[in-house]
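Hydrogens, waters and symmetry mates play no part in the numbers below; they use all other heavy atoms, side chains included.
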Amino acid sequence: MTQAKLIDGNAFSANLRDEITNRVHEIRDFHHVTPGLAVVLVGEDPASQVYVRNKNKRALECGMKSFEHVLPVDTTEKHLLNLIEGLNDDPEVHGILVQLPLPRHIDAQKVIETIRPDKDVDGFHPWNVGMLASGGVGMIPCTPLGSMMMLRDHLGSLTGLKAIVIGRSNIVGKPMAHLLIRESCTVTVAHSQTRDLPAEVRAADIVVAAVGKAEMVRGDWIKPGATVIDVGINRITLADGKTKLVGDVKFDEAVKVAGAITPVPGGVGPMTIACLLRNTLTAAARLHRLDIPEAHPWN
């Protein structure tokens, strides 16, 4: 039995970061602009701390400026909003990211809406959400953007293909559906209320699993030859007490049926940070009205 091709997110993201580095050096040397990314972390969540460190490390490796703001967990909402307003006005900052989740006493939506849309490198501001839904030019959320890049790289044209997105979150599911519609796919968005989910998945040429349930999508749900993008990152405990990272797709089963699949880890995950850097570069170019080639254009 032939196994699916593995879509290597580590290799893809490394190539993308190389392209971004070249573009950063180009605009720094010829236009005297150095893209700057500001990352704000409130609290001491260990996973968030690691993620923020990785973002800052990758930004510096690409030649960008990195501004890290680590605030105590009891930071007031007003203090956080004031910090964001300052970053909005800072000409050295082209991209702003506030690490989620935030402490419960802070309104995350208010924080998102305070970030200037043209510096919103997460793509979560309502203006950017609206531009994506209407086919306009805005910031695209990083995980869907990375997923789309890998789909286009593997499949070429997506025109006419049937796609299913399992999960309807504002961060992944909904923007992913909009991107697939832009590519002229026929798109189904599935969720907890979907009837006969396995049958819906079996009809799809492209499966994007972003539901947050470990190994929920089984191999016999997958249409033979389909392309599977597994966005899920779940830590499970094995029988011997050790833990393991798995996706939303039962990989060992799906890899025997699919035509191509992203592994977990090493699939979509590395692309998220790479696309954050791409969005920061894009923001800097737009803010300074620089006409530079996109790093790995997908459309």
Quick check: closest heavy atoms across [X] and [Y], and the distance to 0.1 Å?
X      : Y      : value
Leu81  : Thr114 : CD2-OG1, 3.3 Å
Asn279 : Cys142 : ND2-SG, 3.8 Å
Cys185 : Ala163 : CB-CB, 4.3 Å
Val93  : Lys119 : O-NZ, 2.7 Å
His69  : Leu87  : NE2-CD2, 3.7 Å
Ser192 : Arg168 : OG-NH2, 4.1 Å

Is the number of heavy atoms from other residues, nucleotides or ligands within 6.0 Å of [atom1] ([X]) greater than 12?
X      : atom1 : value
Arg235 : CZ    : yes
Glu44  : CD    : no
Asp291 : CG    : no

Could you tell me whether a side-chain N or O of [X] sits under 3.5 Å from a main-chain N or O of [Y], the two making a donor and an acceptor?
X      : Y      : answer
Asn128 : Pro117 : yes
Asn234 : Gly247 : yes
Thr262 : Val268 : no
Asp230 : Asp248 : yes
Thr194 : Leu197 : no

With sequence neighbours excluded, what pairs up with [X] under the side-chain contact (heavy atoms from CB on, under 4.5 Å) test?
X      : value
Lys57  : Glu61
Asp118 : Arg116, Leu287
Asn22  : none
Asp89  : none

Are side-chain heavy atoms of [X] and [Y] found at a separation under 4.5 Å?
X      : Y      : result
Ile166 : Val208 : no
Leu276 : Thr272 : no
Leu6   : Phe251 : yes
Ile27  : Pro35  : yes
Leu277 : Arg17  : yes

Following the transitive rule for hydrophobic clusters with a side-chain heavy-atom cut-off under 4.5 Å over Ile, Leu, Val, Met, Phe, Trp and Tyr, establish whether [X] and [Y] coincide in one cluster.
X      : Y      : value
Val165 : Ile7   : yes
Val255 : Val264 : no
Val73  : Leu41  : no
Val172 : Met139 : no
Ile206 : Phe12  : yes

Problem set entry | Of all pairs that satisfy salt bridge (Lys or Arg N to Asp or Glu O under 4.0 Å), the ones with a partner from residues 200-210, not counting sequence neighbours | Asp205-Lys223
Problem set entry | Pairs involving residues 90-102, ordered by first then second residue, that meet salt bridge (Lys or Arg N to Asp or Glu O under 4.0 Å) (sequence neighbours left out) | Lys65-Glu92
Exercise. When you check the gap from the basic side-chain N to the acidic O, do Arg152 and Glu183 get nearer than 4.0 Å?
Worked result: yes
Problem set entry | Results of ring-ring contact (aromatic ring centres under 6.0 Å, His included) for His191 - residues two or more places apart only | none
For this session: Using ring-ring contact (aromatic ring centres under 6.0 Å, His included) as the criterion, list what pairs up with Phe67, not counting sequence neighbours.
Result: none
Exercise. Taking atom types as modelled, is there a side-chain donor on Thr237 or Thr243 under 3.5 Å from an acceptor on the other?
Worked result: no
Problem set entry | Sequence neighbours excluded, every pair satisfying ring-ring contact (aromatic ring centres under 6.0 Å, His included) that has a member inside residues 93-130 | His94-His288
For this session: Assess whether side chain to side chain contact (heavy atoms under 4.5 Å, CB included) is satisfied between Arg58 and Met64, documenting all intermediate values.
Result: CA-CA 9 Å; Arg58 293 300 189 192; Met64 297 182 178; over 6 Å; no
Seminar exercise, completed: Those residues at least two apart in sequence (or on a different chain) that pass salt bridge (Lys or Arg N to Asp or Glu O under 4.0 Å) with Arg53 are none
Exercise. With sequence neighbours excluded, what pairs up with Lys110 under the salt bridge (Lys or Arg N to Asp or Glu O under 4.0 Å) test?
Worked result: Glu77
Seminar exercise, completed: With Val40 as partner, the option from Thr75, Val98, Ile115 fulfilling side-chain contact (heavy atoms from CB on, under 4.5 Å) is Val98
For this session: Could you walk me through whether His178 and Ile140 pass the side chain to side chain contact (heavy atoms under 4.5 Å, CB included) test, one step at a time?
Result: CA-CA 10 Å; His178 287 305; Ile140 300 172; over 6 Å; no
Can you give each donor-acceptor pair under 3.5 Å made by side-chain atoms of residues 211-222, sequence neighbours left out, with the distance rounded to 0.1 Å?
{"residue": "Arg218", "atom": "NE", "partner": "Glu253", "partner atom": "OE1", "Å": "3.0"}
{"residue": "Arg218", "atom": "NH2", "partner": "Glu253", "partner atom": "OE2", "Å": "2.5"}

For this session: Apply side chain to side chain contact (heavy atoms under 4.5 Å, CB included) to Leu151 and Leu180, showing your working.
Result: CA-CA 10 Å; Leu151 280 172; Leu180 288 164; 4.1 Å; yes
